[in-house]
There are 2 protein chains.
Amino acid sequence: MKKTASELNGVKEIARRANVSIGTVDRVMHNRKGVSDATRLKIEAIIKELNFQPNKMASLLATRKNMNFAVLIPAVSEETDYWSYPLNGINQAAAETNQFGVTVKPYFYALDSKESFNRVAEEMLKDEPHAVLLAPSFVEDSQVLAKRINELGLPLAFINSDLAGQDNLTYIGPDLYQSGRLAAQLVSFSLKPLDKVLIINISADLRNDHHLVRKEHGFKKFFEETRSATHISTLNISETKVCVVEEALTRTLNADNTIKAIFVTNSRVNIVAEILKKHRRNDLLVGYDFLEKNIDYLKSGQIKYLICQRPKEQGYLGIMALYKHLYNVSEVERFVYMPIDIITKENYQFYNG
Amino acid sequence: MKKTASELNGVKEIARRANVSIGTVDRVMHNRKGVSDATRLKIEAIIKELNFQPNKMASLLATRKNMNFAVLIPAVSEETDYWSYPLNGINQAAAETNQFGVTVKPYFYALDSKESFNRVAEEMLKDEPHAVLLAPSFVEDSQVLAKRINELGLPLAFINSDLAGQDNLTYIGPDLYQSGRLAAQLVSFSLKPLDKVLIINISADLRNDHHLVRKEHGFKKFFEETRSATHISTLNISETKVCVVEEALTRTLNADNTIKAIFVTNSRVNIVAEILKKHRRNDLLVGYDFLEKNIDYLKSGQIKYLICQRPKEQGYLGIMALYKHLYNVSEVERFVYMPIDIITKENYQFYNG
DNA sequence: CTGAAAGCGCTTACAG
DNA sequence: CTGAAAGCGCTTACAG
């Protein structure tokens with residue numbers, strides 16, 4: 001059944017009105033060269049007049065576009081299953097974009113090894129992806145990598161932590177300062193007048209872990225601004241072994257028995273929980289991340305609050321950002337800050353990570 | 001450029017292997033009748049062997065499927081902008097599914113009028129939608145409507161509150177009992193030994209507002225289970241006017257000056273906040289929902305915690321569920337419980353509603 | 001019960 | 001610089 005001229009759809013209708021072939025319309029739509037200014041202008045005017053949006057599905061079908069996205073993130077380790085959550089989100093996005101020809105390939109590096117990071121990055125680049133999702137660790141090495149990716153003209157999305165001065169498409173992750181403030185507020189709600197607060201930073205590489213510093217800063221700032229007289233001290237521990245943490249922590253707690261609340265600036269809060277439990281203490285303990293170990297202590301009451309920043313959603317949104325950019329679905333925001341979630345014993349069941 | 005026989009794609013390859021035409025393959029794929037058992041079996045075997053998934057985009061393009069989804073939700077009112085959040089989510093989903101031929105049309109009813117609910121429902125049915133997203137109010141009227149929608153064979157998704165015994169595709173919303181428990185836990189973290197707690201239910205239709213009952217129940221249960229000696233009383237107020245609430249509240253608070261914490265079981269917590277502010281009280285106040293008025297009192301410190309259940313995401317997921325079902329994208333879960341979010345002065349900025 | 005052909009709306013060589 | 005034709009993978013009448 002033929003259509004009357006006036007009810008043609010899409011490119012055909014435009015071609016009819018402009019008195020050209022659909023091939024030429026296509027050329028103008030995609031700013032390809034080889035079209036006279038006169039026809040180009042004429043066609044552009046008609047496109048504008050009709051507010052024409054090309055049919056994405058037809059276009060995808062005709063191009064049989066196939067894109068592979070590389071994902072460079074830490075491997076799930078013995079110590080932490082944190083990275084399984086972003087990976088879940090990434091896989092979900094992969095499943096949803098698969099029908100549009102997207103293939104997602106993850107490359108895992110060891111969180112404690114620069115060598116592994118660089119080796120795996122090389123591997124990834126060799127596979128010539130069309131876009132990269134990166135969780136940057138090792139600031140300098142990540143910067144070098146980001147530069148190379150930029151030079152290749154590939155869209156680059158960061159999750160989990162940002163890298164200043166890079167030409168990346170988007171950053172999707174937490175606002176660390178504000179999460180520290182939130183932790184402080186939660187502590188403040190339960191604190192009695194003379195209680196003291198202890199901040200604990202646990203990291204094998206304290207100097208380079210600017211994450212912890214930003215959280216600590218937010219935490220302290222909250223108490224400053226509320227003109228609280230609460231005494232706050234900081235304990236830095238540069239090893240992640242339980243016995244080392246235990247020794248340092250015990251010494252500190254024994255020296256001052258008015259410490260009633262403890263803020264651990266990362267997911268290692270479970271180490272502190274284990275120690276407090278052993279010593280039958282019941283301090284107000286606040287830490288980070290929806291890890292199995294941490295949830296266990298949440299259930300037992302040893303940890304009161306966990307602060308989480310939707311790691312799964314970060315992964316999901318990271319892939320979707322690349323997809324939306326490359327398939328012209330919509331504009332992508334340069335900064336996407338995750339909501340800061342508070343998890344307790346009474347709501348962890350419904351949290352998806 | 002012709003392909004060699006062995007690298008045909010999709011239906012063509014299957015047709016070639018089965019020695020039939022692609023039309024017949026299509027019939028089998030969609031379980032249409034008019035195919036001999038022999039050919040059907042042969043084709044099904046090949047489909048299985050190849051693990052063949054038809055190309056969605058091609059299929060969509062060929063069918064030029066156009067679907068209109070009806071959305072029946074309360075209108076945003078003077079009193080509350082709550083329903084603007086689900087609507088945002090719905091609009092976002094509408095934008096994303098639009099390219100697949102989905103049109104979403106919202107129908108708004110007045111939250112306080114059964115008559116309006118039923119009138120607007122009729123309007124909606126007259127437009128003959130292909131699927132319905134419903135936020136049920138007025139239990140009985142909603143049940144009647146749900147039955148009719150079922151009889152029409154239309155997929156039906158509920159958001160915000162469930163309706164028992166209906167043949168709906170999915171329910172996406174909160175677990176009210178658990179949110180009450182969470183409120184109790186938050187209160188308990190700040191409570192001193194002899195402090196008393198007041199629960200306030202404010203609703204023009206207290207008897208039918210089973211929402212409030214479930215939250216209250218969860219709240220009390222938490223204290224029971226933790227074998228707390230905390231005294232908890234309930235104040236029911238069947239009018240939503242500030243002066244009425246003020247009178248009842250003032251009387252209660254004057255009668256017992258050991259009340260230090262107040263749990264308002266719905267979004268009307270801002271009314272209580274206003275009154276407490278006027279009386280220069282600083283009780284620990286916990287309530288529901290990310291409304292502008294509530295956020296204002298969160299900022300001023302009058303409200304300590306707001307419990308929210310992602311209204312925007314409920315709307316978004318509701319539309320996506322209908323879409324996934326009708327376009328065979330994936331299975332839809334029968335129950336989707338939202339995470340229970342805790343909002344305070346220090347994290348509301350990053351909450352999207 | 002089955003096949004051949006036209007079509008969905010866009011893209012891509014190819015020819016001129 | 002431009003057009004005609006074939007094709008993406010699936011669906012839909014129509015004919016037999």
Side-chain angles (χ1 to χ4, degrees), chain A residues 1-5 7-44 46-47 50-67 98-101 327-329, chain B residues 1-5 7-44 46-47 50-67 98-101 327-329:
Chain A
M1 77 215 118
K2 277 271 161 65
K3 299 187 174 181
T4 60
E7 53 181 34
L8 285 174
N9 276 327
V11 282
K12 279 189 199 160
E13 173 63 9
I14 299 195
R16 189 187 65 80
R17 296 201 184 201
N19 230 305
V20 297
S21 75
I22 58 171
T24 302
V25 173
D26 192 71
R27 286 179 192 105
V28 173
M29 277 167 50
H30 298 289
N31 292 313
R32 281 192 269 275
K33 37 194 280 184
V35 183
S36 74
D37 284 353
T39 25
R40 157 153 280 134
L41 257 30
K42 185 161 50 164
I43 294 176
E44 279 171 346
I46 297 174
I47 287 180
L50 264 47
N51 187 225
F52 169 65
Q53 305 279 136
N55 181 315
K56 208 118 242 154
M57 289 168 330
S59 147
L60 251 29
L61 186 59
T63 32
R64 282 149 306 158
K65 218 187 258 194
N66 271 18
M67 297 261 177
N98 177 58
Q99 57 179 316
F100 304 116
Y327 286 77
N328 284 308
V329 175
Chain B
M1 75 213 127
K2 276 273 162 64
K3 301 188 172 181
T4 61
E7 52 180 36
L8 285 175
N9 275 329
V11 284
K12 279 189 200 160
E13 173 64 11
I14 300 196
R16 190 187 65 80
R17 296 202 185 199
N19 228 305
V20 297
S21 76
I22 57 171
T24 302
V25 173
D26 191 69
R27 286 179 193 104
V28 172
M29 277 167 50
H30 298 287
N31 292 312
R32 282 192 269 277
K33 38 193 281 184
V35 183
S36 74
D37 284 356
T39 24
R40 156 152 283 132
L41 256 30
K42 184 162 51 166
I43 294 175
E44 280 172 346
I46 297 175
I47 287 181
L50 264 46
N51 188 227
F52 169 64
Q53 304 279 135
N55 181 315
K56 209 119 243 154
M57 288 171 329
S59 149
L60 250 31
L61 186 60
T63 34
R64 284 149 304 159
K65 220 187 254 196
N66 274 352
M67 298 258 178
N98 177 60
Q99 57 179 316
F100 304 116
Y327 285 79
N328 285 309
V329 175

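Since we're looking at a predicted model, the values are computed, not measured. Every chain is numbered from 1 and lettered A, B, ... according to where its sequence line falls, protein lines coming before strand lines.
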side-chain N/O [X] vs [N] OP1/OP2, d < 4.0 Å:
{"X": "A:Ser36", "N": "D:dT2", "result": "yes"}
{"X": "A:Ser21", "N": "D:dA4", "result": "no"}
{"X": "A:Thr39", "N": "D:dT2", "result": "yes"}
{"X": "A:Lys56", "N": "C:dG9", "result": "no"}
{"X": "B:Ser59", "N": "D:dC10", "result": "no"}

Problem - d(CZ, B:Arg40; P, C:dC1) in whole Å - result: 9 Å

Practice task
Rounded off to whole Å, could you give me the CG-to-P distance for the A:Leu61 and D:dA6 pair?
Solution key: 18 Å

Practice task
Could you list the residues that satisfy side chain to side chain contact (heavy atoms under 4.5 Å, CB included) with A:Ala58, not counting sequence neighbours?
Solution key: A:Asn55, B:Leu61

Completion exercise
Residue set satisfying side chain to side chain contact (heavy atoms under 4.5 Å, CB included) with A:Ser36, at least two apart, ordered chain then number -> A:Ala38, A:Thr39

Completion exercise
Stem ranges of DNA chain C by first residue number, counting only runs of at least 3 Watson-Crick or G-U pairs under 3.5 Å, come to C:1-3 with D:14-16, C:5-12 with D:5-12, C:14-16 with D:1-3

Handout entry: Members of residues 27-35 of chain A that approach DNA chain D, where some heavy atom sits under 4.0 Å away
Key = A:Arg27, A:Gly34, A:Val35

Practice task
Select base, sugar-phosphate, or nothing to describe what B:Val25 touches, counting heavy atoms under 4.0 Å on all strands.
Solution key: nothing

Practice task
Using a heavy-atom cut-off of under 4.0 Å over every strand shown, decide if A:Ile22 touches base, sugar-phosphate, or nothing.
Solution key: base

Fill in the blank from the handout: Here the gap from A:Asn51 atom CG to A:Ile46 atom CD1, rounded to the nearest 0.5 Å, amounts to 14.0 Å

